[in-house]
Amino acid sequence: MDEAVSAEAGPKVAAPPPRSDPVALPGREVAERIHQDQYPALVRFLLLQGASWTEAQDAAQEAFTQMCVPDLAVIHPKAWLRTVAWRSWVRQQVRHEDTCADPPEEQGLNWQTPEHAAEIDESQRRVIQLLLRLPAKQRAAIAWTMDGFTAEESARAMGTTPAAVRQNLARARAALKSELGLSGARPGPTEGER
């Protein structure tokens, strides 16, 4: 009788697991597990912020070194690394800043390795140059978004509001579209494509 009842009731659907809060893991353990994937992504994140190749590598390494401090526990390692690396890079800029010096000339694409130089085509180079000309807050919004963070996560890491992140992202996209000569509307199919 029980089998007949259970057959009529249909398959049992497992209840979703209860929602749990993120667990803090030992920093050194996390660093060892994610270094290979996250180090290049972290360097790219800093390059898009305007760091030179050397500055980006130094700041990324500093972030991983800080993650390995004894007794450190990390809940959101990707965001933690980017925040610490960005702060390290900013400290580098403050230490090297000479208030009497002329403003630096616009930085070109001197940051890529020979491997990157071979992989990046001319249109990508142009977009990267345009990204580097954006104001710092807009570059930051683009960089966090490109790394898969939501406006809320980006805002938390940057110490601002989600609305400010969305606004900077919208301004950055509009500036890039304008510089690239793109309109808001997508072109329709041509006569030959129909």
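Everything numeric in this text was worked out from a predicted model, so none of it was measured.
- Using a 4.5 Å heavy-atom threshold, the side chains of Q66 and W80 count as touching.
- Listed here is the closest heavy atom pair of A85 and A59: O-CB, 3.4 Å.
- You'll find the side chain of F64 reaches within 4.5 Å of the side chain of L42, heavy atoms only.
- Around atom CH2 of W89, more than 12 heavy atoms belonging to other residues, nucleotides or ligands sit under 6.0 Å away.
- Between R82 and A41 the shortest heavy-atom distance is NH2-CB, 3.5 Å.
- Contact record, P162 with A155: N-CB, 3.4 Å, taken as the closest heavy-atom pair.
- Interatomic distance, CG of D58 versus CZ of R91, reported as 12.0 Å (0.5 Å rounding).
- Residues N168 and M158 fail the side-chain proximity criterion, which asks for heavy atoms closer than 4.5 Å.
- The side-chain heavy atoms of W53 and V43, taken from C-beta on, include a pair separated by under 4.5 Å.
- Looking at heavy atoms from C-beta onward, I142 lies out of side-chain contact with T145 at the 4.5 angstrom threshold.
- A 6.0 Å sphere centred on CZ of R166 holds more than 12 heavy atoms belonging to other residues, nucleotides or ligands.
- Checked by atom type and distance alone, the side chain of Q138 never pairs as donor or acceptor with a backbone atom of P135 at under 3.5 Å.
- Taking the six-membered ring where tryptophan is involved, the planes of F149 and W144 are perpendicular, since the angle between them exceeds 60° and thus also 30°.
- Contact of the E55 side chain with the L46 side chain is not registered, since no non-hydrogen atoms from C-beta on lie closer than 4.5 Å.
- Within the model, atoms CG of L182 and CZ of R173 stand 13.5 Å from one another, a figure rounded to the nearest 0.5 Å.
- In terms of hydrophobic clustering, with Ile, Leu, Val, Met, Phe, Trp and Tyr side chains grouped at heavy-atom distances under 4.5 Å, V165 and V90 are assigned to a common cluster.
- Between A136 and Q49, the shortest heavy-atom contact is O-OE1, 4.4 Å.
- The minimum heavy-atom distance linking P77 with I34 is given by the pair CB-CD1, 3.9 Å.
- A heavy-atom distance below 4.5 Å is not found between the side chains of L134 and R171.
- Hydrophobic clustering keeps I75 apart from M67 (ILVMFWY residues linked when any side-chain heavy atoms are closer than 4.5 Å, directly or through intermediates).
- Of all the heavy atoms in L48 and R139, the pair that sits closest is O-CD, 3.4 Å.
- For the atom pair NZ (K78) and OG1 (T83), the distance works out to 12.5 Å, reported to the nearest 0.5 Å.
- Between E152 and R156, no side-chain nitrogen of the basic residue sits less than 4.0 Å from a carboxylate oxygen of the acidic one, so the salt-bridge criterion is not met.
- Distance check, rounded to the nearest 0.5 Å: CD of E179 to CD of Q129 gives 11.5 Å.
- In this structure, CG on L130 lies 10.0 Å from OG on S178, to the nearest 0.5 angstrom.
- Defined by atom type and a distance below 3.5 Å, a donor-acceptor pair is missing between the side-chain atoms of Q57 and Q61.
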